[in-house]
Amino acid sequence: MMPIPFAKELPYILHTNRELGLMLANKKPLAHFADGEGRFPETVRRYLRCFDRQVTAGHLIRRDHFEPPNHHRNYTLHRILLALPGEEWRIDEMIELMASPVWGIEQERREGELLGYQDWMNDHFLALRYPKPTDS
């Protein structure tokens, strides 16, 4: 996830860097990491190894998805999606969502829903991300 410049303005804590704990507490159904194939920084690879231990123990499901280079990027995109057992359907939906040729408020809302943010959290986030124009 890209840094969110207004994260301090949110009345809730972002899941970023808290995914594993939230998932193990059954408070987050899906985690999603993406970078170029072979480009994940060491800190992320270390974090992913913590997830992999939970996958091996049967507490999480992992799927790796690769997207070939295209006209926007010259590298293969590697997505790592992790879901709670019973929530695997979110992986397919996230992959489909990320393939959307358009990105706007509806796609951002759906991404938040799939990641486990509550409706009020999505509402607040989207109001900051897509402010309504003010009348002059």
Side-chain angles (χ1 to χ4, degrees):
M1 181 175 190
M2 293 177 28
I4 299 170
F6 49 79
K8 291 180 180 172
E9 297 176 42
L10 296 172
Y12 59 90
I13 297 173
L14 290 174
H15 295 175
T16 305
N17 299 326
R18 295 177 181 84
E19 294 92 349
L20 183 58
L22 290 169
M23 291 183 85
L24 295 177
N26 288 315
K27 294 182 178 179
K28 181 174 180 60
L30 178 72
H32 174 216
F33 301 90
D35 207 336
E37 184 176 19
R39 294 184 179 191
F40 283 102
E42 178 55 32
T43 54
V44 175
R45 290 195 311 267
R46 255 193 324 266
Y47 191 37
L48 290 168
R49 285 193 292 272
C50 295
F51 280 92
D52 287 341
R53 286 192 284 276
Q54 299 303 319
V55 170
T56 299
H59 301 142
L60 298 175
I61 290 109
R62 174 178 167 153
R63 182 165 341 145
D64 290 55
H65 179 75
F66 297 90
E67 296 174 19
N70 61 27
H71 63 281
H72 294 294
R73 59 182 156 67
N74 62 356
Y75 57 88
T76 298
L77 183 65
H78 181 186
R79 294 186 189 281
I80 299 172
L81 300 108
L82 297 121
L84 295 174
E87 300 289 343
E88 303 93 276
W89 62 270
R90 292 174 187 269
I91 293 173
D92 293 326
E93 293 224 6
M94 183 63 83
I95 291 169
E96 184 178 331
L97 178 65
M98 291 295 124
S100 175
V102 297
W103 195 262
I105 196 166
E106 288 93 19
Q107 291 78 16
E108 294 238 16
R109 177 174 297 283
R110 186 63 181 142
E111 179 184 28
E113 292 167 352
L114 290 171
L115 291 171
Y117 286 98
Q118 297 173 23
D119 287 340
W120 72 268
M121 295 172 173
N122 285 324
D123 292 342
H124 194 88
F125 176 84
L126 293 169
L128 290 171
R129 180 107 161 96
Y130 297 92
K132 293 181 181 172
T134 57
D135 294 330
S136 312

For Glu88 and Gly86, indicate whether the former's side chain and the latter's backbone hold a donor-acceptor pair under 3.5 Å. yes

Is there a donor-acceptor pair under 3.5 Å between the side chain of Tyr75 and the backbone N or O of Gly36? no

Check whether Trp89 and Leu82 end up in the same hydrophobic cluster, where Ile, Leu, Val, Met, Phe, Trp and Tyr are linked by side-chain heavy atoms less than 4.5 Å apart. no

Residues Leu20 and Phe51: closest non-hydrogen pair is N-CZ, 3.5 Å

Who pairs with Phe66 by ring-ring contact (aromatic ring centres under 6.0 Å, His included), at least two apart in sequence or on another chain? His78

Which pair of non-hydrogen atoms, one from Pro85 and one from Gly58, has the smallest distance, and what is that distance? CG-O, 3.9 Å

Test side chain to side chain contact (heavy atoms under 4.5 Å, CB included) applied to Ile91 and His65, step by step: CA-CA 10 Å; Ile91 293 173; His65 179 75; over 6 Å; no

Are Leu14 and Met94 connected into the same hydrophobic cluster when the rule is that any two of I, L, V, M, F, W, Y join if their side-chain heavy atoms are below 4.5 Å apart? yes

Of all pairs that satisfy side-chain hydrogen bond (donor to acceptor under 3.5 Å, both in side chains), the ones with a partner from residues 96-106, not counting sequence neighbours: Trp103-Glu108

Who pairs with Asp64 by salt bridge (charged side-chain N to carboxylate O under 4.0 Å, His left out), at least two apart in sequence or on another chain? Arg62

Quick one: does Tyr117's side chain get under 4.5 Å of Asp119's, heavy atoms only? no

Taking side chain as C-beta onward, heavy atoms only, is His32 less than 4.5 Å from Leu114? no

Atom pair CZ (Arg46) and OG1 (Thr43), whose distance is rounded to the nearest 0.5 Å: 6.0 Å

Can you name the side-chain contact (heavy atoms from CB on, under 4.5 Å) partners of Asp35, sequence neighbours left out? Arg39, Phe40, Pro41

Going through the distances and angles, do Glu111 and Met98 end up as a side chain to side chain contact (heavy atoms under 4.5 Å, CB included)? CA-CA 9 Å; Glu111 179 184 28; Met98 291 295 124; 3.7 Å; yes

Give a yes or no on whether Phe125 and Leu97 share a hydrophobic cluster (residues Ile, Leu, Val, Met, Phe, Trp, Tyr; joining criterion: side-chain heavy atoms under 4.5 Å apart). yes

In residues 22-31, what donor-acceptor pairs under 3.5 Å come from side-chain atoms, sequence neighbours left out?
| unit_1 | atom_1 | unit_2 | atom_2 | d |
| --- | --- | --- | --- | --- |
| Lys28 | NZ | His15 | ND1 | 2.8 |
| Lys28 | NZ | Leu30 | O | 3.1 |
| Lys28 | NZ | Leu115 | O | 2.9 |

With rounding to the nearest 0.5 Å, note down the distance linking CD in Gln118 to OH in Tyr12. 10.0 Å

Output the rest of the hydrophobic cluster of Ile13: all Ile, Leu, Val, Met, Phe, Trp and Tyr residues reachable through side-chain heavy-atom contacts under 4.5 Å, sorted by chain and number. none

With a 4.5 Å cut-off on side-chain heavy-atom distances among I, L, V, M, F, W and Y, is there a chain of contacts connecting Ile80 to Ile95? no

Taking C-beta and beyond as the side chain, do Arg73 and Glu67 meet within less than 4.5 Å on heavy atoms? yes

Side chain to side chain contact (heavy atoms under 4.5 Å, CB included) for Arg90 and Glu93? Distances and angles first, verdict last. CA-CA 5 Å; Arg90 292 174 187 269; Glu93 293 224 6; 5.5 Å; no

Of all heavy-atom pairs linking Tyr130 and Gly104, the shortest is OH-C, 3.5 Å

Between Leu84 and Leu60, does a side chain to side chain contact (heavy atoms under 4.5 Å, CB included) hold up when you go through it step by step? CA-CA 5 Å; Leu84 295 174; Leu60 298 175; 3.7 Å; yes

